[in-house]
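Excluded from the calculations below are hydrogen atoms, water molecules and symmetry mates; all remaining heavy atoms, backbone and side chain alike, are included. Here the structure is a predicted model, which means the values were calculated and not measured.
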Amino acid sequence: MNVKPPQVKRRRQRKKDKVTLPCGSFLISLNKPCQDIRLNLNELKEQLTIKDLRLLLLSWLADGARPSWIQLKRSHHIRRFVVVHAPGLNSSSFDIGWNQQHIFSKTANLSKTCSFMQQMPFSSGLFDEVISLKLTVKSHPVAEFCQCTISNSERQRRANARRANLKTTKMYTVEQCILSLDEMLEAGYPIHSSLSGHTNIPSNWVETYKKSDLDIQNNPRLIALDCEMCLTQIGLELARISLIDEDMNVIMDEMVQPSHPVIDYLTRYSGIREENLVGVTTSLQDIQQRLLDIIDQDTILVGHSLECDLKTLKLAHPNIIDTARLYHHRNGPPLRPSLKYLAARWLNRIIQSDDDTLTDDLVVGHDSCVDAAASMELVNLKLARGPDFGLYFSSTESIFSRLERCRPSRLGAIFETSGSSRHSPFTQHAKAVKRCDTEDQLVDEVIDAIGRYDFVWAGLHDHSWNQPMFDTRIQPPVSPTLTSEDSKANRYHPTPTHSPTSLSCLDAYVQKIWSNLPAGTVLVVIGATKIDDRVSRSPPLTPTSDSHELSLNSPMDALNHRAGICLLTLK
């Protein structure tokens, strides 16, 4: 048997030890007393990504493949995974330059005068190595971390289930298109009292009621609805409403005068101009009464993301067909398609023009009659083609669904401060999702949840939105139940944030969390930020967005504003 002499082994080991990978902006640390875990420097030839950290979690808590860049002898001892997202921590805290193209260095080699060494003494003693973290422009770290690839076995199981379902489904009916109570709750719809015995709407809202057979004998069964809104001093208010019946006849097309002064007509989105509302006396209350005369409790309302329209109308209705859920996004669920894409893809029609000037066939912005008609046609097309029509089956899923499907089942939770990150559809499957008012409250929630959840994400405050895009003339809403983070208002005008977390406070939070962690817990502190507000002025992404492209002034902007670091250790 060919056995290498000890001198050769020692020589090769010394050569490996001399490999000095220069510094980057991703800090990873392994607990000094723990000899069972170490980095494989031969495999660490390029920057790690959020995906690598996600695969690390799945390899230790679920059924994922073990990454080659880190080694652990007894991985079954790991019971929990805690991720603290601290956007205020970046490469400048370590005096590390991006132009050095460094990916690895010891913490001991850092300058003693850098912010990390001076303001974070506990963390600098806890974490040993620095590794750069490569960040992508397309998504926020929490969205990127919570989106994982479906395994081949699960993909095959889902395909078999779909085929079995198609065999048992003989005819696709309208009733099968109606949203269930769970789907309405997930989408943020106002809940009608007939669905659950109680309602979640404020007292000044209205809801449809059941009429006698004589009153509804001439009313259509399906009605498509679409609204256009303007921005006023209290937020978005109704400016136009359109109703279309099953035969594509216009039942109602009314301009509505907002109850407060208009700040922005949002012509690019609504198609409404100042002259359109001149002389209009119809109020929201008038429209509500007319809707109650036309629509009864058994009528089926058709539309695209109707939760926004119903909230603007202050109306609750039990029977909804939502084309944003009836059809799939081209990248699969949980992403939601836009009506403009669905009309172009399945109706071969261009709607919702963004042109700056009027054309013969198109108008700037949305046309509520055109949008309502497109929704009705999409429903009719779906009923004609069957339940599998217009569906795309994604190759990705939420990491929380993946963990919960494992045996034994693993549970996940997300705790964030207000404004810490944008909404992501891949976070909806967490067992607990809570927003805290302060970082101190968030840390207490995380410590309390560690014993109940296997994976915990803690999102501290994000400083990259310190320059608010909201209009200062907009007054805060009177009732928090009238607004939602998924509403159109917040799409255009994000909520302003507070000051970022200081490094000394972050060090105290890390120390407090670490002291309360049980044995077998991996602690990861990610200092990854999203693109600064000064770089891109486009509205934040929503579950119905079709594009994830963000504009950058120059290629260096992605580096300057996306400098990320991470601390990792095992207790």
Side-chain angles (χ1 to χ4, degrees), residues 171-227 229 238 240-254 256 282-326 368-369 371-373 375-380 382-383 387 479 481-482 484 486-487:
M171 185 176 63
Y172 196 51
T173 62
V174 173
E175 286 72 17
Q176 293 174 281
C177 301
I178 298 176
L179 294 179
S180 65
L181 176 60
D182 291 339
E183 289 173 328
M184 294 181 70
L185 288 171
E186 181 183 355
Y189 274 89
I191 303 303
H192 195 277
S193 58
S194 64
L195 293 177
S196 59
H198 66 277
T199 181
N200 64 348
I201 64 174
S203 58
N204 60 338
W205 285 34
V206 297
E207 63 177 18
T208 55
Y209 54 89
K210 196 172 185 63
K211 299 180 182 179
S212 64
D213 295 337
L214 183 62
D215 293 334
I216 65 174
Q217 60 181 356
N218 295 324
N219 287 3
R221 187 185 181 198
L222 268 69
I223 295 180
L225 180 149
D226 191 77
C227 298
M229 284 75 93
L238 182 66
R240 182 184 177 186
I241 179 172
S242 300
L243 300 180
I244 304 290
D245 65 11
E246 299 177 71
D247 299 323
M248 310 307 294
N249 299 320
V250 178
I251 303 176
M252 179 193 299
D253 186 19
E254 288 282 346
V256 183
T282 304
S283 65
L284 174 61
Q285 291 72 24
D286 297 332
I287 293 299
Q288 286 177 336
Q289 188 57 50
R290 290 187 59 184
L291 287 175
L292 294 179
D293 293 337
I294 298 174
I295 301 171
D296 68 278
Q297 186 174 311
D298 296 324
T299 303
I300 301 174
L301 285 183
V302 174
H304 192 84
S305 298
L306 274 182
E307 72 274 10
C308 300
D309 301 273
L310 293 179
K311 289 175 182 177
T312 304
L313 291 168
K314 298 182 180 180
L315 173 71
H317 186 73
N319 298 311
I320 304 292
I321 296 179
D322 192 342
T323 52
R325 294 175 173 268
L326 197 62
S368 54
C369 271
D371 291 355
S375 298
M376 183 63 77
E377 289 187 57
L378 286 168
V379 171
N380 292 333
K382 181 79 172 185
L383 293 172
S479 173
T481 58
L482 301 183
S484 169
D486 296 333
S487 66

Worksheet entry | Closest approach of Gly188 to Glu307 (non-hydrogen atoms, all atoms of both residues) | O-CB, 4.0 Å
Practice prompt. Measure across Met184 and Leu195 and return the closest heavy-atom pair with its distance rounded to 0.1 Å.
Written response: SD-CD1, 3.8 Å
Fill in: 4.5 Å side-chain heavy-atom contact, Cys177 and Leu383
yes
Practice prompt. Would you confirm whether Gln297, through its side chain, and Pro318, through its main-chain N or O, come within 3.5 Å as a donor-acceptor pair?
Written response: no
Worksheet item: Below 4.5 Å, heavy atoms only, C-beta onward: do Arg290 and Met252 meet side chain to side chain?
Response: yes
Worksheet item: To the nearest 0.5 Å, what is the distance between CG (Asn319) and NE2 (His317)?
Response: 5.0 Å
Fill in: Partners passing salt bridge (Lys or Arg N to Asp or Glu O under 4.0 Å) against Glu377 (at least two apart in sequence or in another chain)
Arg349
Worksheet, complete the sentence: Smallest heavy-atom separation, Asp322 atom then Leu306 atom, equals OD2-N, 3.9 Å
Worksheet item: Looking only at heavy atoms, which two atoms of Pro190 and Trp205 are closest? And how far apart?
Response: CB-CZ3, 3.6 Å
Worksheet item: Would you say the side-chain atoms of Ser242 and Asp226 include a donor-acceptor pair closer than 3.5 Å?
Response: no
Worksheet item: Within the side chain of Gln289, is there an N or O that forms a donor-acceptor pair under 3.5 Å with the backbone of Asp286?
Response: no
Response to the item:
Note: Asp309 and Cys227 closest approach over all heavy atoms is OD1-N, 2.9 Å
Discussion item. Within the structure provided, determine whether Val250 and Leu243 are in side-chain contact (heavy-atom separation under 4.5 Å).
Written reply: no
Worksheet item: Rounded to the nearest 0.5 Å, what separation is found between the OG atom of Ser194 and the CG atom of Leu181?
Response: 10.0 Å
Worksheet entry | Any side-chain heavy-atom pair of Leu291 and Gln288 under 4.5 Å | no
Worksheet item: Any donor-acceptor pair under 3.5 Å linking the side chain of Lys314 with the backbone of Gln285?
Response: no
Worksheet item: So, the side chain of Glu246 versus the backbone of Ile223: is there a donor-acceptor pair under 3.5 Å, distance only?
Response: no
Fill in: Gap between atom CG of Asp182 and atom CD of Glu186 - 0.5 Å precision
8.5 Å
Worksheet entry | Between Asp296 and Thr299: side-chain donor-acceptor atoms closer than 3.5 Å | yes
Discussion item. Would you say that Val174 contacts Ile321 through its side chain, given a criterion of any heavy-atom pair below 4.5 Å between the two side chains?
Written reply: yes
Item to complete: Report yes or no: does Thr323 contribute a side-chain atom to a donor-acceptor pair with the main-chain N or O of Leu326 at less than 3.5 Å?
Response: no
Fill in: Rounded distance [0.5 Å steps], CD1 in Ile295 versus CG in Leu315
6.5 Å
Fill in: Distance-minimising heavy-atom pair for Leu310 and Tyr189
CD1-CD2, 3.9 Å
Worksheet item: Within the distance-only criterion (no hydrogens, no angle test), does the side chain of His192 pair as donor or acceptor with the backbone N or O of Thr208 below 3.5 angstrom?
Response: yes
Worksheet entry | Contact check, side chains of Ile241 and Ser368, non-hydrogen atoms, under 4.5 Å | no
Item to complete: Evaluate the side-chain proximity of Asp298 to Lys210: yes if any heavy-atom separation is below 4.5 Å, no if none is.
Response: yes
Discussion item. Let me confirm one number: the CD1-CD distance from Ile191 to Glu207, rounded to the nearest 0.5 Å.
Written reply: 11.0 Å
Worksheet item: Do any N or O atoms from the side chain of Asp247 and from the backbone of Asn249 form a donor-acceptor pair under 3.5 angstrom?
Response: no
Worksheet item: Can you tell me how far CD1 of Ile320 sits from CG of Leu225, rounded to the nearest 0.5 angstrom?
Response: 8.5 Å
Worksheet item: Is there side-chain contact between Ile251 and Ile294, with at least one heavy-atom pair below 4.5 Å?
Response: yes
